[in-house]
Protein chains: 2
Amino acid sequence: MEKEGSAGKNAVAGGAGAIPALDTKDLQILRLLQENARITVREIASQVHLSTTPVHERIKRMEETGVIRQYVTLVDHAKVKKGLMVICYVSLKQHNKQSGAQFIRAIDAMEEVIECYNISGEFDFMLKVAVENMDAYYHFHVHKLSEIEDIGHLQSVFVMGIIKQTHQLVY
Amino acid sequence: MEKEGSAGKNAVAGGAGAIPALDTKDLQILRLLQENARITVREIASQVHLSTTPVHERIKRMEETGVIRQYVTLVDHAKVKKGLMVICYVSLKQHNKQSGAQFIRAIDAMEEVIECYNISGEFDFMLKVAVENMDAYYHFHVHKLSEIEDIGHLQSVFVMGIIKQTHQLVY
DNA sequence: ACTGAAAGACACAGACT
DNA sequence: AGTCTGTGTCTTTCAGT
C-alpha cells in the first residue's frame with residue numbers, strides 16, 4: 001500500500017534524464033505547501049513524520065525538477081481595485097504565425113489580462129481579465145483589445161460570482 | 001507624486017471600521033510577495049528601503065485585513081498528472097435556490113473542478129476542470145457532471161495551449 | 001535515504017527616537 | 001511610523017547510521 005523500496009522512486013520514470021516519480025511523502029509535502037506556501041519545513045516534517053533534512057531535500061528536488069513552479073501570494077481582488085473579472089473570447093481574422101505571435105505579444109504586455117489560453121471551438125483564445133469596474137473594462141475592451149491587429153470577433157462573459165477557486169491539484 | 005503625510009493611510013477609507021488604504025510601500029511589498037511568497041522579510045526590507053519591523057507589521061496588517069488572502073504553491077499541472085484543462089459551461093434547468101445550492105455543493109466536492117464562476121450569458125456557470133487526460137475528462141463529464149440533478153446544457157471548450165498565466169494583480 | 005546536531009540566518013518583540 | 005537590538009526559532013549543512 002505504501003511500500004517504498006530503494007528502487008521506488010526511479011522505477012516508474014521514462015527515458016534517460018527522467019524526473020523521478022513522486023512518492024507518498026512527496027505528495028504529502030505538496031499538499032501542505034499548496035495550502036500554505038509559508039509553512040515551515042519543521043512543521044511539514046512533524047506532519048509527515050520525518051526530520052527536517054529529508055523534507056528540505058525533497059522540496060529542493062521538486063523545485064529543481066519543476067514540480068513546484070512558484071510560491072505565490074494571493075491577493076483579494078476587490079481590495080486592490082480589481083473587483084471585476086471578465087472572460088473574453090477572441091478570434092483572429094487570419095491564422096498565420098505572424099498574427100498569432102503579434103496577438104500574444106500584445107496580450108503579454110497587458111496587465112489586465114491575467115490568463116490567456118488557446119482554445120478549441122469557434123474562438124481562438126480565451127482571456128481572463130481583471131479590472132476595477134465596468135468603466136475600466138470598457139476602456140480595456142475598446143482602447144486596448146480592439147486595437148490589436150487582425151482581431152476578428154470579440155465576446156465578453158462577465159463573472160457575477162465566484163463559487164469556487166482553488167490551486168490544489170494534488171490530493 | 002508619492003507624498004505620504006501622516007493622514008495618508010486613513011484619509012481615503014470609507015466607513016467606521018474601514019480598512020486603511022494601501023500606500024506605496026504596501027504595494028511594493030505586495031509586488032514582491034506576489035512573485036515569491038517565500039521571500040524573507042529581510043529581503044523585502046532591503047528592497048523597499050525599510051527595516052524589518054515595519055515590513056513585518058505591514059504584512060501582518062495586510063493578512064489581518066484580508067488584503068493578503070493566502071500563500072500558495074503552484075505545481076506543474078502535467079507533472080502531477082493534471083495535464084488536461086477544460087473549460088466547461090453549465091446551464092441549469094431550473095433557476096431556484098434549491099437547484100443552485102445543490103449544484104454548488106456538488107461542484108465543491110469535485111476535486112477536478114478548480115474554478116467555478118457564476119456568469120452572464122446563455123449559460124449559468126463556467127467551470128475550469130483539471131484532469132490527467134481525455135479519458136479522465138470523459139469519465140468526469142459523463143459520470144460526475146451529468147449526474148448532478150437539474151443540469152440543463154453542457155458545453156466543453158478544451159485548452160490547447162497556455163499563453164499567459166499570472167497571479168500578479170498589483171503592479 | 002534517514003537521524004541528530006550544530007552554525008548561521010531569520011522572525012518577532014521590546015525599548016527607544 | 002520608523003530604527004536598532006536581542007532572543008528564540010528556523011533553515012540548512014555536515015557527520016554518522
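Chain naming here is simple, since letters A, B, ... match the order of the sequence lines and numbering starts at 1 in each.
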Between C:dA1 atom P and A:Arg58 atom CZ, what is the distance in whole Å? 7 Å
When the nearest nucleotide of DNA chain C is assigned to A:Pro54 and to B:Thr52 on a heavy-atom basis, which residue is associated with the more 5' position? A:Pro54
Evaluation steps, side chain to side chain contact (heavy atoms under 4.5 Å, CB included), between B:Ile59 and B:Ile44: CA-CA 10 Å; B:Ile59 294 173; B:Ile44 296 172; 4.0 Å; yes
For A:Ile39 and A:Glu57, take the nucleotide of DNA chain D holding the closest heavy atom to each; which residue's nucleotide lies nearer the 5' end? A:Ile39
Stepwise side chain to side chain contact (heavy atoms under 4.5 Å, CB included) check, B:Arg38 with A:Leu33: CA-CA 11 Å; B:Arg38 297 201 78 158; A:Leu33 279 171; 3.6 Å; yes
Distance in angstrom units between A:Arg42 CZ and D:dT11 P, rounded: 7 Å
Report the distance from atom CD1 of A:Ile44 to atom C1' of D:dT11, rounded to the nearest whole Å. 12 Å
Provide, to the nearest angstrom, the distance between the NE2 atom belonging to A:His49 and the P atom belonging to C:dG4. 15 Å
Would you sort out whether B:Glu63 and B:Arg58 count as a salt bridge (charged side-chain N to carboxylate O under 4.0 Å, His left out), showing the intermediate values? CA-CA 9 Å; B:Glu63 286 172 359; B:Arg58 281 163 180 271; over 6 Å; no
Return the value, rounded to whole Å, for the distance between atom CD of A:Glu43 and atom P of C:dA11. 17 Å
Using a 6.0 Å cut-off, check whether atom CD of A:Gln98 has over 12 heavy atoms from anything other than its own residue. no
Could you tell me the separation between the CG atom of B:Leu50 and the P atom of C:dA11, rounded to a whole number of Å? 14 Å
Value in whole Å for how far the P atom of C:dG14 lies from NE2 of B:His56: 12 Å
Taking C:dA11, D:dT11, D:dT12 as options, the one with an atom nearest any side-chain atom of A:Thr40 is D:dT11
Is there a donor N/O on one and an acceptor N/O on the other, under 3.5 Å, for the side chain of A:Thr53 and the base of D:dT13? yes
Taking only the side-chain heavy atoms of B:Arg38 (C-beta and beyond), determine which of C:dA1, D:dT11, C:dA11 contains the nearest atom. D:dT11
